[in-house]
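Everything on this sheet refers to the single structure shown next.
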Amino acid sequence: MCGRFANHVQDMGRWGDILGDWPDEVAVSYNIAPGADIAAFTKEGGAPMRWGLVPAWSKTASTRYATFNARSESLIGKPAFRGAWNDGQRCLIPLQGYYEWQTLNGGKQPYYLFVASGEPLVCAGLWDQWGSGPEQFQSCTMIIRAASPAIAFIHPRMPLFVPLFNAREWLEGKPDSCAELLGPDVTPANELELGYYPVSQQVNNPRNEGAGLCAPLLAR
DNA sequence: CCAGACGTTGTT
DNA sequence: GTCTGG
DNA sequence: CCAGACGTTGTT
DNA sequence: GTCTGG
């Protein structure tokens, strides 16, 4: 799964041409938790969205159940995600790296996962709109899948990453396009060799936004 | 039919 | 234990 | 995801 | 809004 990620991306490299401009409203952070406003990119371009999809039909502006991730295997049948899926409300969420907690006897050890190339990882997502007038906002979810074997020892789930060549189709295609990305097979997007290392428990507190959390990465 | 949930993990 | 807030 | 709260009245 | 459970 992905319940925390690091560093809104400033330099998107080749992804800049695909996704468009970074939305000014979204700040950089090394410790982004559900509920935050993150940069999501639709076919219209970049927009700030709350992380945690609030369905358009929701009576309140927040859900009491977890919608910051959507399982690729089952999202099509879920009331919370089905509307977004059927309406082609797809987005892409770039990130510099993400955190995963390894469950151990007697505790949890957080890891940071990333790609050494320095280009962003780009996760497939869905978005929805809630409310009207000044109350209105957009929100999104990150699609997750089974972890690739190399990192499964940390956690059995991982974000569904989209390769550059599938990006426009993901954003613009009909609901049944790119369906293979949701399947159980390992796709090119998930063959990416992720680097990883254990990090300090300081990352557990979502209020810690210090760049020191990513020091080993920045030192490369 | 209506009422109530609508989600993910991990643990039992 | 479970919910809300970040 | 984890951390932190978890309640009410009445007074400032 | 739409699905599941009763």
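The aromatic rings of A:Tyr111 and A:Phe153 sit perpendicular to each other, their planes meeting at more than 60°, with 30° as the lower class boundary. Ring planes of A:Tyr112 and A:Tyr197: tilted class, angle from 30 to 60°. Aromatic ring orientation, A:Trp101 versus A:Tyr99: tilted (interplanar angle from 30° to 60°).
Note that A:Arg50 lies in the cation-pi zone of A:Phe137, set by a 6.0 Å cut-off to the ring centre and a 45° limit from the axis.
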For nucleotides 8-12 of chain B, which of its nitrogen or oxygen atoms have a protein nitrogen or oxygen under 3.5 Å away, and what is each distance?
unit_1, atom_1, unit_2, atom_2, d
B:dT8, OP1, A:Arg71, N, 2.7
B:dT9, OP1, A:Arg157, NE, 3.1
B:dT9, OP2, A:Arg71, NH1, 2.5
B:dG10, OP1, A:His155, ND1, 3.0
B:dG10, OP1, A:His155, NE2, 3.4

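Across all strands shown, D:dG4 forms a Watson-Crick or G-U wobble pair, both distances under 3.5 Å, with C:dC3.
When the C1' atom is used for both B:dC1 and D:dG10, the distance is 49 Å, rounded to whole Å. Nucleotides C:dG5 and B:dA5 place their C1' atoms 23 Å apart, quoted to the nearest Å. Straight-line distance between the C1' atoms of C:dG1 and D:dT9: roughly 27 Å, to the nearest whole Å. Taking atom C1' in both B:dG7 and C:dT2, the straight-line distance is 15 Å, to the nearest Å. Nucleotides B:dG4 and D:dG4 place their P atoms 36 Å apart, quoted to the nearest Å.
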### Task
Go along nucleotides 1-6 of chain C 5' to 3' and tag each nucleotide: B for a protein heavy atom under 4.0 Å from its base, S when only backbone or sugar atoms are that close, - otherwise.
---S-B

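Separating the CD atom of A:Gln201 from the P atom of D:dC2 is a distance of 10 Å, rounded to the nearest angstrom. One atom, CE of A:Met142, and another, C1' of B:dG7, lie 15 Å apart when rounded to the nearest Å. Note: CD (A:Gln109) to C1' (D:dC1) measures 15 Å, nearest angstrom. Straight-line distance from the CD1 atom of A:Ile32 to the C1' atom of D:dC1: 12 Å, rounded to whole Å.
Side-chain contact check for A:Tyr196 versus A:Glu100: every heavy-atom pair is 4.5 Å or farther apart. The shortest side-chain heavy-atom distance between A:Asp87 and A:Asp128 does not fall under the 4.5 Å cut-off. At a threshold of 4.5 Å between non-hydrogen side-chain atoms, the residues A:Leu160 and A:Arg71 do not count as touching.
Looking at every heavy atom in both residues, A:Phe41 comes nearest to A:Pro23 through CZ-CD, 3.9 Å.
With hydrophobic clusters built from ILVMFWY side chains whose heavy atoms lie under 4.5 angstrom apart, A:Leu121 shares a cluster with A:Met1.
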